[in-house]
Protein chains: 2
Amino acid sequence: MEATRLAKVFKALSNERRLELFRLIYSQCRQEEVRSQKDGKGCCEGIEKAFTMACGCMDLSRSTISHHFKELQNAGLITCTRQRQTFICQVNEEYVEAVRSFLS
Amino acid sequence: MEATRLAKVFKALSNERRLELFRLIYSQCRQEEVRSQKDGKGCCEGIEKAFTMACGCMDLSRSTISHHFKELQNAGLITCTRQRQTFICQVNEEYVEAVRSFLS
DNA sequence: ATTAAAGTTCGATAACATTCGAACTTTGGT
DNA sequence: ACCAAAGTTCGAATGTTATCGAACTTTAAT
């Protein structure tokens, strides 16, 4: 991955609260993978109600949380979709892998 | 590594020019390891004239380059020492490893 | 002793980021 | 039809970052 995009990924993770948010999403995503026996095949199907969950466990306004989700999306780290009532959030493993391989 | 410190590491890598600088240092450090057959034992002894080298290959003022070196140091990613005429720069493998393990 | 090279520090400026509350939209429940 | 919940968007306030040139310090070379 070229420097420009990689720097954007790092920028997305450079804010402490946003990093916590990503950590939350990422760890849930990996639990989900284990639960559904998809471990190793990349990324889980997506966590539901990620926004609501984040609002519940982070002491930030909804608008700020929304903004942080946008930033993680813009960086390419996650993809969010809405299907009627639920906000579904997936981690983009390709990007996570890019960071890992940058450092090896 | 806790979120606060990790976010600082990411912040240090979030600027494109600084990322290039780190990449430069890091790749040279790893070449050095191979050359001196210390591969796998962590980090090389340190690259000499890192500042001068950076000035030569990055189109930025010396003051800005100095600033970027400081930021990488503050984040804990590198350690710089001056021994008389040479500026010696080492990569702190512990921090690199922390980032890798955050994403796994 | 003078000069040059290698870095650092300072002050300024412009750009960007974080966060909030308020106002809004869309969807679901009653 | 009305209300609540879930999100988004906007505007403002405040703080942080990137970058430069100028002025400085320290070490080496002549």
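Residue numbers start from 1 in every chain, and the chains themselves are labelled A, B, ... in the order their sequence lines are given, proteins ahead of strands.
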Exercise for review: Output yes when a side-chain donor or acceptor of A/R62 lies under 3.5 Å from a complementary backbone atom of A/F51, and no otherwise.
Suggested key: no

Practice item. Could you tell me the separation between the CG atom of A/N74 and the P atom of C/dA17, rounded to a whole number of Å? Key: 10 Å

**Study point:** Pair B/Q90, B/T79: side-chain N/O donor-acceptor within cut-off below 3.5 Å
**Key:** no

Check your understanding: Is B/E2 atom CD crowded by more than 12 heavy atoms from other residues, nucleotides or ligands, each under 6.0 Å away?
Key -> yes

Point to revise | Sub-4.5 Å side-chain heavy-atom contact between B/L77 and B/L13 | key: yes

Check your understanding: Once you round it to whole Å, what is the distance between P of D/dA23 and CZ of B/R62?
Key -> 13 Å

Exercise for review: Answer yes or no: is there a donor N or O on one side and an acceptor on the other, between the side chain of A/R18 and the main chain of A/H67, under 3.5 Å?
Suggested key: no

Practice item. Decide, yes or no, whether a salt bridge links A/E20 with A/R17 under the criterion of side-chain N to carboxylate O below 4.0 Å. Key: yes

Check your understanding: More than 12 non-hydrogen atoms from neighbouring residues, nucleotides or ligands closer than 6.0 Å to CZ on A/R23, yes or no?
Key -> yes

Practice item. Check DNA chain D against residues 47-58 of chain A and give the residues with a non-hydrogen atom under 4.0 Å, in numerical order. Key: A/F51, A/T52

**Study point:** Shared hydrophobic cluster, A/I25 / A/M58 (ILVMFWY, side-chain heavy atoms < 4.5 Å)
**Key:** yes

Exercise for review: For B/L60, answer base if it contacts any base atom (sugar-phosphate contacts may also be present), sugar-phosphate if it contacts only those atoms, and nothing otherwise; contact means non-hydrogen atoms under 4.0 Å.
Suggested key: sugar-phosphate

Revision key, fill the gap. Taking C/dT8, D/dC20, C/dC20 as options, the one with an atom nearest any side-chain atom of A/S61 is C/dC20

Revision key, fill the gap. In whole angstroms, the gap separating P of C/dT18 from CG of A/L72 amounts to 11 Å

Check your understanding: What integer distance in Å separates B/R82:CZ from C/dA6:C1'?
Key -> 10 Å

Review point. If only atom types and distance count, is the side chain of A/R100 paired as donor or acceptor with the main-chain N or O of B/L103 below 3.5 Å?
Key: yes

Exercise for review: Select from B/S63 and A/D59 the residue whose nearest nucleotide in DNA chain C is closer to the 5' end of that strand.
Suggested key: B/S63

**Study point:** Joint cluster assignment, B/Y26 & A/M1, ILVMFWY side-chain distance < 4.5 Å
**Key:** yes

Review point. Mind checking whether B/I88 and B/F22 sit in one hydrophobic cluster, side chains of I, L, V, M, F, W, Y counted as touching below 4.5 Å?
Key: no

Study note, to complete from the structure: the helix from C/dA1-D/dT30 to C/dT30-D/dA1: angle between terminal helix axes, five bp per end, to the nearest 10 degrees, reads 20°

Practice item. Among C/dT8, D/dA18, D/dT9, find the nucleotide with the atom closest to the side chain of A/K70. Key: D/dT9

Revision key, fill the gap. Between A/T64 and B/H67, the residue closer to the 5' end of DNA chain C by nearest nucleotide is B/H67

Check your understanding: Looking at residues 6-25 of chain B, who's got a heavy atom less than 4.0 Å off DNA chain D?
Key -> B/K11, B/N15, B/R17, B/R18

Study note, to complete from the structure: A/I65 CD1 to C/dT18 C1', in whole Å, measures 13 Å

Practice item. Can you tell me the distance, in whole Å, between the CD atom of B/Q73 and the C1' atom of C/dG7? Key: 12 Å

Practice item. Compare side-chain N and O positions of B/H68 against OP1 and OP2 of D/dT19 and report whether any pair is under 4.0 Å apart. Key: yes

Point to revise | B/L72 reachable from B/M53 in the ILVMFWY side-chain graph, under 4.5 Å edges | key: no

Practice item. Under 4.0 Å between any heavy atoms, over every strand shown, what does A/F87 touch: base, sugar-phosphate, or nothing? Just pick one. Key: sugar-phosphate

